[in-house]
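Data first, discussion second: the structure below is written as structure tokens.
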Amino acid sequence: MNELAPLVSLAPKRKNIYSAFRVGFMLVLVLSSLIGLFAIELVRSYVSQYELVSRDANNLTGTVERHIKATTEKIDVILSDVVFLNTPPS
């Protein structure tokens with residue numbers, strides 16, 4: 001009976017170790033799930049912001065292009081008038 005005493009005294013310790021492993025495993029599982037959800041939300045937010053910035057950049061590019069085109073047409077008209085006024089009559 002003395003030989004079984006050490007085995008009996010180890011049984012509750014193993015149960016505590018297994019429950020500690022279970023708690024640790026569950027904690028790791030929950031934390032990794034939360035990190036995964038946060039990562040997915042971060043990627044979605046990044047894609048949304050990228051699309052917004054891309055659209056704004058395209059709008060700004062179009063606006064600048066139209067402004068440059070209008071300005072060059074105005075300069076062309078003014079230079080044509082200057083050339084017309086400064087040419088000697090034939």
Side-chain angles (χ1 to χ4, degrees):
M1 190 149 196
N2 289 337
E3 295 174 6
L4 296 176
L7 296 176
V8 174
S9 65
L10 290 178
K13 290 182 184 177
R14 285 186 181 170
K15 186 176 182 183
N16 289 337
I17 289 172
Y18 289 138
S19 65
F21 282 133
R22 276 192 214 150
V23 169
F25 178 73
M26 293 301 287
L27 184 63
V28 168
L29 186 65
V30 168
L31 288 177
S32 62
S33 298
L34 287 175
I35 289 171
L37 290 174
F38 287 142
I40 290 171
E41 188 60 32
L42 183 66
V43 169
R44 285 182 185 169
S45 175
Y46 175 79
V47 168
S48 173
Q49 289 297 318
Y50 181 80
E51 290 172 353
L52 180 68
V53 168
S54 177
R55 188 186 71 217
D56 288 348
N58 288 336
N59 290 341
L60 184 60
T61 302
T63 302
V64 169
E65 184 180 355
R66 286 190 300 273
H67 180 69
I68 289 173
K69 192 179 288 187
T71 303
T72 53
E73 287 175 0
K74 290 175 186 176
I75 291 172
D76 186 40
V77 168
I78 290 173
L79 289 176
S80 296
D81 286 345
V82 168
V83 168
F84 177 75
L85 292 175
N86 290 327
T87 55
S90 342

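Quick caveat, the model's predicted, so the values are computed rather than measured.
To the nearest 0.5 angstrom, Thr61 atom OG1 is 10.0 Å from Arg66 atom CZ. Atom CG of residue Leu42 and atom CD1 of residue Ile35 lie 12.5 Å apart, to the nearest 0.5 angstrom.
When atom types are taken as modelled, the side chain of Ser54 and the backbone of Tyr50 share no donor-acceptor pair closer than 3.5 angstrom. Distance alone, capped at 3.5 Å, places no donor-acceptor pair between the Asp76 side chain and the Thr72 backbone. A donor-acceptor pair under 3.5 Å links the side-chain atoms of Thr71 to the main chain of His67, judged by distance alone. A donor-acceptor distance shorter than 3.5 angstrom exists from the side chain of Thr63 to the backbone of Asn59, with no hydrogens or angles considered.
Glu51 places none of its side-chain heavy atoms less than 4.5 Å from the side chain of Arg55.
By the side chain to side chain contact (heavy atoms under 4.5 Å, CB included) test, Leu27 pairs with Leu31, sequence neighbours left out.
Heavy-atom minimum distance, Val83 versus Thr87: O-CG2, 2.9 Å.
Leu60 and Ile68 fall within the same hydrophobic cluster, where Ile, Leu, Val, Met, Phe, Trp and Tyr residues are linked whenever their side-chain heavy atoms come under 4.5 Å apart, directly or through other members.
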